[in-house]
Amino acid sequence: MSTLIIYYSYSGNTRKIAEALAVEKAADLTAINDEKRPGKFKAYSSGCLKALNGQGWAIQPLTVDLGAYDEIILLTPIWAGNVPPAVNSALELLPAGKEVSIKAVSGSGSSKCVDKLRAVVEGKGSTLAAFEDIKS
């Protein structure tokens with residue numbers, strides 16, 4: 001079974017967890033990158049507003065074919081209780097028929113976005129196989 005770990009990390013916390021998980025699972029690893037990296041104020045002000053509304057913003061093209069993997073594990077930080085805009089944009093690229101696991105990384109270790117994420121993943125024709133909150 002081929003596994004891809006895809007992650008977004010603004011501050012580096014989620015990246016560290018994703019890298020360790022990729023080694024543990026012998027999985028491929030790729031990052032979601034903003035097309036133009038916003039400054040901290042813009043990221044957390046307009047970024048949180050977009051996160052609350054489930055909106056995305058421009059990201060760089062992914063360097064992997066998501067369709068080539070049996071399992072996709074997405075690691076995401078939590079902004080204002082939701083996934084950041086870059087992750088919303090990446091979720092739009094999900095191919096149908098995939099098993100997707102999501103790990104939400106936050107300072108509190110508690111998010112409330114699992115139902116929203118399930119709806120997005122299932123709306124793309126895939127299955128949310130697992131959801132886990134991780135305290136960073």
Side-chain angles (χ1 to χ4, degrees):
M1 175 189 242
S2 59
T3 301
L4 172 67
I5 295 175
I6 184 170
Y7 71 93
Y8 178 74
S9 187
Y10 187 84
S11 66
N13 292 332
T14 304
R15 177 182 45 81
K16 290 175 190 172
I17 295 167
E19 289 172 344
L21 186 61
V23 170
E24 177 186 319
K25 292 193 161 283
D28 291 343
L29 179 69
T30 196
I32 301 165
N33 293 304
D34 303 302
E35 185 173 276
K36 182 178 179 191
R37 187 153 176 90
K40 190 178 256 187
F41 179 76
K42 182 177 182 182
Y44 293 122
S45 60
S46 67
C48 285
L49 183 59
K50 286 183 176 287
L52 282 168
N53 293 314
Q55 298 173 317
W57 61 27
I59 59 173
Q60 294 178 5
L62 296 180
T63 59
V64 297
D65 175 11
L66 299 178
Y69 294 89
D70 301 312
E71 176 186 32
I72 297 171
I73 301 172
L74 170 67
L75 278 82
T76 178
I78 297 297
W79 292 7
N82 294 278
V83 299
V87 174
N88 285 323
S89 295
L91 285 168
E92 288 301 314
L93 304 175
L94 274 179
K98 296 298 170 186
E99 293 285 323
V100 180
S101 296
I102 298 176
K103 297 180 183 296
V105 179
S106 66
S108 69
S110 178
S111 66
K112 295 178 174 56
C113 58
V114 64
D115 292 332
K116 286 182 184 178
L117 291 169
R118 180 178 286 109
V120 171
V121 170
E122 290 176 355
K124 299 302 290 179
S126 288
T127 302
L128 183 60
F131 182 88
E132 176 184 4
D133 280 308
I134 299 173
K135 185 171 183 169
S136 61

Just verifying a value: how many Å separate [X] [atom1] and [Y] [atom2], rounded to the nearest 0.5 Å?
X	Y	atom1	atom2	result
I73	L4	CD1	CG	8.5 Å
S106	W79	OG	CH2	14.0 Å
R37	Q60	CZ	CD	10.5 Å
E99	S126	CD	OG	8.0 Å

Of all heavy-atom pairs between [X] and [Y], which one has the smallest distance, and what is that distance?
X	Y	result
C113	I78	SG-CD1, 3.8 Å
L62	A31	CD2-O, 4.0 Å
L66	K98	O-CE, 3.7 Å
G12	S9	N-OG, 3.0 Å
A80	L52	O-CD2, 3.4 Å

Task: Crowding at NZ, K16 (>12 non-hydrogen neighbours, <6.0 Å) - done: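 It does not: K16 NZ has 12 such atoms or fewer within range.
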Are any of the side-chain heavy atoms of [X] and [Y] separated by less than 4.5 Å?
X	Y	value
Y7	T76	no
F131	S111	yes
I59	E35	no
N82	K116	yes

Do you see a donor-acceptor pair shorter than 3.5 Å between the side chains of [X] and [Y]?
X	Y	answer
T30	T63	yes
S110	D133	no
D34	Y10	no

Tell me whether [Y] is reachable from [X] by hopping between hydrophobic residues (I, L, V, M, F, W, Y) whose side-chain heavy atoms are closer than 4.5 Å.
X	Y	answer
L29	V100	no
I5	V23	no
Y69	I102	yes

TODO: Test T14 against Y8 for side-chain contact (heavy atoms from CB on, under 4.5 Å), laying out the working first.
DONE: CA-CA 7 Å; T14 304; Y8 178 74; over 6 Å; no
Task: Derivation of the side-chain contact (heavy atoms from CB on, under 4.5 Å) call for L21 and L75 - done: CA-CA 10 Å; L21 186 61; L75 278 82; 3.9 Å; yes
Open item on the list: Here's a test for you: under side chain to side chain contact (heavy atoms under 4.5 Å, CB included), which of L128, V83, I6 qualifies with L74?
Closed with: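 Per the side chain to side chain contact (heavy atoms under 4.5 Å, CB included) rule, the option paired with L74 is I6, out of L128, V83, I6.
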Task: Side-chain hydrophobic cluster, 4.5 Å single linkage: members besides L49 - done: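 Cluster partners of L49: none, it stands alone.
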Open item on the list: Between K103 and I17, is the side-chain contact (heavy atoms from CB on, under 4.5 Å) condition met? List the steps.
Closed with: CA-CA 10 Å; K103 297 180 183 296; I17 295 167; 6.0 Å; no
Task: side-chain contact (heavy atoms from CB on, under 4.5 Å) evaluation trace for E71 with S101 - done: CA-CA 8 Å; E71 176 186 32; S101 296; 4.2 Å; yes
Could you list the donor-acceptor pairs under 3.5 angstrom formed between side-chain atoms of residues 84-96 and any protein atom two or more places apart in sequence or on another chain?
| residue | atom | partner | partner atom | Å |
| --- | --- | --- | --- | --- |
| N88 | ND2 | Q55 | O | 2.9 |
| S89 | OG | W57 | N | 3.0 |
| S89 | OG | W57 | O | 2.6 |
| S89 | OG | P85 | O | 3.4 |

